[in-house]
Amino acid sequence: MEKENKALFIIFGGSGDLARRKLYPSLFRLYLNGVLKKDFAVIGTSRREWPDEYYENIVMDSIKEVNGATDENTQSFVKHFFYQSNDVNDVEHFHILKQRASKIAQKFNVNGPWIYYLAMAPTLFGTIAKNLARSDFLDSNHPNRLVIEKPFGHDFDSAKELNDEIKQAFSEDDIYRIDHYLGKEIVQNIVPLRFANPILKEVWNNKFISNIQITLTEEVGVEQRAGYYENSGALRDMVQNHISQIITLLTMEEPLSLNPKDFVNNKYQVLASINNFSKEELKNNFVRGQYRAGNGFLGYREEEGVSDDSKIETFAAGKFVIQNNILNGVPIYFRTGKRLKQKQSRVDVVFKSKKDGIYSEAQSDVLSILIDPVSGYRLKYNGKSIGDNRNLDQFSGERILKDAEHHQMPEAYQRLVHDVLNGDKTNFVQWQELSASWKLIDQIIGFWNEAPLSDEFFYEAGSMGPKSANELVARDQNYWVYQG
Ligand SMILES: NC(=O)c1ccc[n+]([C@@H]2O[C@H](COP(=O)([O-])OP(=O)(O)OC[C@H]3O[C@@H](n4cnc5c(N)ncnc54)[C@H](OP(=O)(O)O)[C@@H]3O)[C@@H](O)[C@H]2O)c1
């Protein structure tokens, strides 16, 4: 039986898309499994004027499809929800919000943290933090936790500016920066896989691993997000956060403990070890691309809201080489992009093939960690070809999660909200990591801004991206395991 948590949630952007699609269903799942029971309340805020009953209906609507929802449990759940109109630029509104929050917290016997979830534009994060402090929210006798979403900054300078603003109100220990990849089942299993299995632990080093490949591809184009994407691109949208985080989990040294401080410190060491890139490395180790029309799809420049001469990359690939005691010198390749052949999130760990001894023809063993849309693990290994011969063949053993197991898996946001309730920061991004990853991204973008677009910049929509991404790995005598 789960421990009951007592908390007050104040959701800024309570009428928005993220709150409706992710937060309310996650809170409801936590309610269904007893993590939240009686002593909790949620106040949704945004500028529009909504009566409480209207808000209850909005919440009800967003949870009705959740597995296990009944008339009875949805009704009792939404009785914990309240709405307060609030313009975050107006400190007076925060005073009113504070009074209401105190009353609601008392009514629900909330003897636990107050959790401020900023489900709105990051440009307003600093203002909200400042106004929370000014209106005495943070002086109270309860823990205060701030939860924020990506994008956290546009580059290192803007991320630092934003961080400095927030830090005036909240200490690093109380800031929970969400990267929803860190809430995914398979991503959370990378560390146990590496360190709980002597077989893998012993070979997870540069003596045995040839290279590691991270692929996060999307089939969809820019959809309705051109306004955001035109100022972002694949590197900022996917590499600065999700891919950097996955790299840290794959390559960090074993932490002293699973305590968040030890854990996150080792992750940070990975990013800090990827030193300044030389001009040569920036030129050779990173590839950008943009989809052009093909396979019945529009090109990026033809999409609504995109400028005709946009140079924004909808595809990025690259090679990082980290320096630490275990994986020094091992290339870590990544690629990500939109309008590619298939949606696929996976990691392929390619082991060195054994060229000496009696089986010099043996191929590389490959461990694939499959994140989405299929979740599981696959090991390719060599063995004797079946039959009256002595030939070698490559076989594949796999454990793919079944539908029933998928249903048991908590949704990423559900896990992360649960962690916030527990005050567990293991799966959140610390400022050190964030600043280190921005410094890397800034170098690449700075170089791209100066460099002319290559002839291979445009790739056909529905393909696997620019050919130069294949050349990137071929130059090291490697190849992408996942071919689409
Ligand atoms: N949607 C997703 O799936 C998703 C995924 C990952 C990250 N995120 C991040 O999550 C955040 C929210 O995204 P979203 O898609 O939910 O945005 P959204 O649908 O545009 O919602 C924005 C919310 O902010 C409120 N708001 C805007 N200005 C305000 C102000 N001055 N004072 C008070 N409230 C104000 C809006 O309501 P009013 O207009 O009534 O004020 C609305 O509730 C963004 O940082 C986004 O990057 C979203």
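Read the numbers this way: they start at 1 and go in the same order the structure lists the ligands and their atoms.
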Numbering the atoms of ligand 1 from 1, which are under 4.0 Å from a heavy atom of [X]?
{"X": "Pro151", "answer": "47 (O)"}
{"X": "Asp87", "answer": "30 (C), 31 (N), 32 (N)"}
{"X": "Pro122", "answer": "45 (O)"}
{"X": "Ala119", "answer": "11 (C), 12 (C)"}
{"X": "Asn89", "answer": "31 (N)"}

For [atom], what's the nearest protein heavy atom and its distance?
{"atom": "atom 23 (C) of ligand 1", "answer": "Gly13 CA, 3.6 Å"}
{"atom": "atom 46 (C) of ligand 1", "answer": "Lys150 O, 3.8 Å"}
{"atom": "atom 1 (N) of ligand 1", "answer": "Asp17 OD2, 2.7 Å"}
{"atom": "atom 32 (N) of ligand 1", "answer": "Val88 N, 3.0 Å"}
{"atom": "atom 3 (O) of ligand 1", "answer": "Arg21 NH2, 2.5 Å"}
{"atom": "atom 45 (O) of ligand 1", "answer": "Met120 O, 3.0 Å"}
{"atom": "atom 30 (C) of ligand 1", "answer": "Arg47 CD, 3.5 Å"}
{"atom": "atom 4 (C) of ligand 1", "answer": "Leu18 CD1, 3.6 Å"}

Step through it carefully: locate the ring centre of Phe9, locate the ring centre of Phe40, and say whether they are under 6.0 Å apart. no

Do Tyr333 and Phe320 have ring centroids that are under 6.0 Å from one another? no

Looking at atom 17 (O) of ligand 1, tell me if a protein heavy atom falls under 4.0 Å from it. no

For atom 20 (O) of ligand 1, state whether the nearest protein heavy atom is under 4.0 Å away. no

Could you pull out the closest heavy-atom pair between [X] and [Y], with the gap in Å?
{"X": "Met120", "Y": "Phe12", "value": "SD-CB, 3.6 Å"}
{"X": "Arg301", "Y": "Leu453", "value": "NH2-CD1, 4.3 Å"}
{"X": "Leu138", "Y": "Ala169", "value": "CD1-O, 3.5 Å"}
{"X": "Tyr181", "Y": "Ile246", "value": "CD2-CD1, 3.9 Å"}

Kindly indicate whether the side chain of Lys267, heavy atoms from C-beta on, has any atom under 4.5 Å from the side chain of Gln245. yes

Should the proximity of [X] to ligand 1, defined as any heavy atom under 4.0 Å, be assigned to the side chain, the backbone, both, or neither?
{"X": "Leu118", "value": "neither"}
{"X": "Ser15", "value": "both"}
{"X": "His180", "value": "neither"}
{"X": "Glu149", "value": "side chain"}

Would Lys425 and Tyr176 count as a cation-pi pair here, with the cationic atom under 6.0 angstrom from the ring centre and within 45° of the axis?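 Ring-cation test returns yes.
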
Do the numbers put Arg177 on top of the ring of Phe152, so that NZ or CZ is under 6.0 Å from the six-membered ring centre and no more than 45° off the axis?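 Because its charged atom sits under 6.0 Å from the ring centre and within 45° of the axis, Arg177 does stack over Phe152.
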
Presence of salt bridge, Asp419 and Arg415, under 4.0 angstrom: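 Looking at Arg415 and Asp419, the cut-off is not met.
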
Sequence neighbours left out, what pairs pass side chain to side chain donor-acceptor pair (under 3.5 Å) with at least one residue falling in residues 216-225? Glu218-Lys338

Output a table of donor-acceptor pairs, distance under 3.5 Å, between side-chain atoms of residues 59-66 and any protein atom two or more places apart or on a different chain; print 'none' if there are none.
| from | atom 1 | to | atom 2 | distance (Å) |
| --- | --- | --- | --- | --- |
| Asp61 | OD1 | Lys64 | NZ | 2.5 |
| Ser62 | OG | Val59 | O | 2.8 |

